[in-house]
Trainee: 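Take a look at the following structure, please.
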Amino acid sequence: MSNIVFLTDHKCGSALLYELRENYRLKVNPNIDFQNFYMWNVNKWDPNNKYVVIIREPREIIVSGYLYHKKVSKEKEGWIHGGNYWCGWERFFLEEDKELYKDYLEKAFIKEDYQEVLLRLSEEEGIAYEMDNIAELTLRGRDLILDKWKNKDNVLFINFDDFVWDMISVVKKVSNFLNVGNDINTLIIEEMYNYSLVKKGYGDKVDWSHVTNKDC
């Protein structure tokens with residue numbers, strides 16, 4: 001059986017994809033991996049693996065990140081008041097990538113209180129600041145992944161919006177890609193209702209404070 005990698009990035013549905021991965025890991029293959037941050041995976045494509053990659057519309061990434069970083073605690077995101085955004089995760093980069101993407105790696109070192117900057121800026125200025133800083137790391141990785149992996153037969157791209165609003169179709173698409181039987185697929189769909197942002201299973205526990213379009 002191929003190695004299977006579920007791959008995502010900041011503000012691109014990490015929590016949902018992690019739960020989906022856990023369900024496949026428990027019911028299909030215990031060796032399914034979950035990896036965060038597109039950029040350090042760009043040059044690690046392996047023809048023997050299968051990849052499920054979740055992407056998101058760039059404007060949504062920027063605005064969601066802006067709203068999230070204005071309120072997130074230092075306990076949850078230690079870099080937010082100054083520090084390394086990747087918090088040591090840069091060790092996962094290939095050595096050649098460290099040189100190739102040096103400018104972006106350096107951008108991950110936050111020299112001032114990121115949250116304080118966002119709070120003192122106007123909304124328009126804050127969104128622009130987010131776009132030029134942390135969001136740029138995600139967007140750069142997203143574009144590289146799409147450019148280098150888009151025509152690979154062993155890569156399935158799924159859209160975050162589809163995952164939220166049409167979860168059943170996404171799970172079925174992933175199951176077909178992984179050659180999962182209908183019985184197991186049904187079990188996974190039932191379990192994923194517990195993590196849906198729009199189904200009753202998640203109820204009042206949804207944190208809507210960094211959702212970009214509440215009207216939906």
Side-chain angles (χ1 to χ4, degrees), residues 1-42 44-46 48-57 60-61 64-65 68 72-73 75-78 85-89 91-92 137-138 141-142 145-146 149 152-211:
M1 181 178 289
S2 303
N3 292 322
I4 301 168
V5 179
F6 282 60
L7 177 61
T8 185
D9 210 329
H10 185 54
K11 309 314 299 171
C12 297
S14 298
L16 280 177
L17 194 65
Y18 177 80
E19 296 299 340
L20 187 62
R21 172 263 191 185
E22 282 296 280
N23 276 283
Y24 281 106
R25 186 183 67 82
L26 293 173
K27 297 177 177 66
V28 180
N29 182 347
N31 297 316
I32 295 178
D33 193 13
F34 176 87
Q35 297 177 19
N36 214 354
F37 300 112
Y38 302 136
M39 190 174 288
W40 65 53
N41 287 281
V42 169
K44 294 181 181 179
W45 175 82
D46 185 331
N48 298 310
N49 291 343
K50 282 193 171 184
Y51 298 90
V52 178
V53 183
I54 187 168
I55 58 173
R56 192 178 186 184
E57 209 277 335
E60 296 285 335
I61 291 172
S64 182
Y68 174 74
V72 68
S73 68
E75 289 69 30
K76 190 169 184 179
E77 301 277 354
Y85 167 66
W86 276 320
C87 301
W89 291 95
R91 70 186 184 276
F92 291 113
L137 299 175
T138 300
R142 171 192 178 276
I145 284 282
L146 284 170
W149 292 19
K152 307 292 189 184
D153 292 336
N154 63 335
V155 180
L156 174 67
F157 285 102
I158 56 178
N159 188 284
F160 173 72
D161 291 325
D162 294 337
F163 198 8
V164 171
W165 302 111
D166 192 11
M167 181 178 283
I168 292 176
S169 294
V170 168
V171 174
K172 287 180 177 178
K173 186 181 294 186
V174 173
S175 292
N176 289 336
F177 178 68
L178 300 180
N179 296 316
V180 174
N182 287 333
D183 291 343
I184 293 178
N185 184 50
T186 299
L187 291 174
I188 291 173
I189 289 173
E190 290 175 353
E191 181 65 24
M192 284 306 297
Y193 264 94
N194 294 322
Y195 304 100
S196 170
L197 296 176
V198 293
K199 300 293 188 295
K200 292 181 179 179
Y202 210 103
D204 296 330
K205 294 188 288 185
V206 177
D207 179 4
W208 295 108
S209 59
H210 54 278
V211 171

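Please read these numbers as outputs of a predicted model, since none were measured by experiment.
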Trainee: Taking the side chain from Thr186 and the backbone from Asn182, do they hold a donor-acceptor pair closer than 3.5 Å?
Mentor: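 Judged by distance alone, yes, a pair lies under 3.5 Å.
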
Trainee: Can you name the nearest heavy-atom pair linking Val174 to Phe6, along with the distance?
Mentor: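 Scanning both residues, the minimum pair turns out to be CG1-CZ, 4.3 Å.
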
Trainee: Given 3.5 Å as the limit, does a donor-acceptor pair link the side chain of Tyr38 with the main chain of Leu7, or not?
Mentor: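 Such a contact is absent between Tyr38 side chain and Leu7 backbone.
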
Trainee: Could you go through Leu20 and Tyr195, starting from their C-alpha distance and side-chain angles, then the distance that decides it, and tell me whether this counts as side chain to side chain contact (heavy atoms under 4.5 Å, CB included)?
Mentor: CA-CA 9 Å; Leu20 187 62; Tyr195 304 100; over 6 Å; no

Trainee: Can you tell me how far the CG atom of Leu26 sits from the CD1 atom of Ile32, to the nearest 0.5 Å?
Mentor: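 It comes to 9.0 Å.
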
Trainee: Please list, chain by chain and in numerical order, all residues satisfying salt bridge (Lys or Arg N to Asp or Glu O under 4.0 Å) with Glu22, sequence neighbours excluded.
Mentor: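 Expected list: Arg25.
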
Trainee: Which pair of non-hydrogen atoms, one from Phe157 and one from Trp149, has the smallest distance, and what is that distance?
Mentor: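 Looks like CE1-O, 3.8 Å.
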
Trainee: With rounding to the nearest 0.5 Å, note down the distance linking CG in Leu187 to CG in Asn23.
Mentor: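 Going from the CG atom of Leu187 to the CG atom of Asn23 covers 9.5 Å.
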
Trainee: Give the minimum heavy-atom separation between Tyr85 and Thr138, together with the two atoms involved.
Mentor: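 Scanning both residues, the minimum pair turns out to be OH-OG1, 4.4 Å.
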
Trainee: For the atom pair CD1 (Ile4) and CG (Asp33), what is the distance rounded to the nearest 0.5 Å?
Mentor: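 It is 10.5 Å, given to the nearest 0.5 Å.
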
Trainee: Whether the side chain of Ser14 engages the backbone of Asp9 through a donor-acceptor N/O pair (distance < 3.5 Å, no angle test) should be reported.
Mentor: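 Indeed, once roles are kept as given, a pair shorter than 3.5 Å links the two residues.
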
Trainee: Does Lys44 have more than 12 heavy atoms from other residues, nucleotides or ligands lying within 6.0 Å of its NZ?
Mentor: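 Yes - once you tally the heavy atoms of other residues, nucleotides and ligands closer than 6.0 Å, there are more than 12.
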
Trainee: Does atom NZ of Lys173 have more than 12 heavy-atom neighbours from other groups under 6.0 Å away?
Mentor: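 Counting other residues, nucleotides and ligands, NZ of Lys173 stays at 12 neighbours or fewer.
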
Trainee: Please name the pair of heavy atoms, one in Ser175 and one in Tyr24, separated by the smallest distance, quoted to 0.1 Å.
Mentor: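 Looking at all heavy atoms of both residues, the closest pair is OG-OH, 2.7 Å.
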
Trainee: One pair to check against side chain to side chain contact (heavy atoms under 4.5 Å, CB included): Phe160 and Leu17. What are the steps and the verdict?
Mentor: CA-CA 9 Å; Phe160 173 72; Leu17 194 65; over 6 Å; no

Trainee: If you measure from CZ on Phe177 to CG on Asp153, what distance do you get to the nearest 0.5 Å?
Mentor: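 Interatomic distance, Phe177 CZ to Asp153 CG, rounded to 0.5 Å: 9.0 Å.
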
Trainee: Has Lys11 got its NZ or CZ under 6.0 Å from the middle of the six-membered ring of Tyr68, at an angle within 45 degrees of the ring axis?
Mentor: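 Lys11 over Tyr68 ring: yes.
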
Trainee: What distance do Glu77 atom CD and Cys87 atom SG have between them, rounded to the nearest 0.5 Å?
Mentor: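 If we round to the nearest 0.5 Å, Glu77:CD and Cys87:SG are 7.5 Å apart.
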
Trainee: Holding to side chain to side chain donor-acceptor pair (under 3.5 Å), I want the full list of residues that pass it with Trp89, two or more places apart in sequence or in another chain.
Mentor: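 With neighbours one apart ignored, the set is empty.
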
Trainee: If you look at every heavy atom in Cys12 and Ile54, which pair is closest and at what distance?
Mentor: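 Distance-wise, the nearest heavy atoms are O-CG2, 3.2 Å.
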
Trainee: Hey, does Lys50 have a side-chain heavy atom less than 4.5 Å from the side chain of Asn179?
Mentor: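 Yes, side chains in contact.
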
Trainee: Without swapping roles, check the side chain of Asn194 against the backbone of Glu191 for a donor-acceptor pair under 3.5 Å.
Mentor: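 Answer holds: yes.
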
Trainee: Does Asn3 use its side chain to pair, donor to acceptor, with the backbone of Asn49 at less than 3.5 Å?
Mentor: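 Answer holds: no.
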
Trainee: Donor-acceptor pair, Arg142 side chain versus Arg56 backbone, under 3.5 Å?
Mentor: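 Judged by distance alone, yes, a pair lies under 3.5 Å.
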
Trainee: Just verifying a value: how many Å separate Glu60 CD and Asn159 CG, rounded to the nearest 0.5 Å?
Mentor: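 Rounded to the nearest 0.5 Å, the CD-CG separation comes out at 9.5 Å.
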
Trainee: Tell me whether the rings of Trp40 and Phe92 are parallel (<30°), tilted (30 to 60°) or perpendicular (>60°).
Mentor: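 Because their plane-to-plane angle lies in the 30° to 60° range, the rings of Trp40 and Phe92 count as tilted.
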
Trainee: Under the criterion side chain to side chain contact (heavy atoms under 4.5 Å, CB included), I'd like the reasoning laid out for Ile145 against Val42: C-alpha separation, chi angles, the key distance, then a yes or no.
Mentor: CA-CA 6 Å; Ile145 284 282; Val42 169; 4.0 Å; yes

Trainee: Run the side chain to side chain contact (heavy atoms under 4.5 Å, CB included) check on Ile168 and Met192 step by step: do they pass?
Mentor: CA-CA 9 Å; Ile168 292 176; Met192 284 306 297; over 6 Å; no

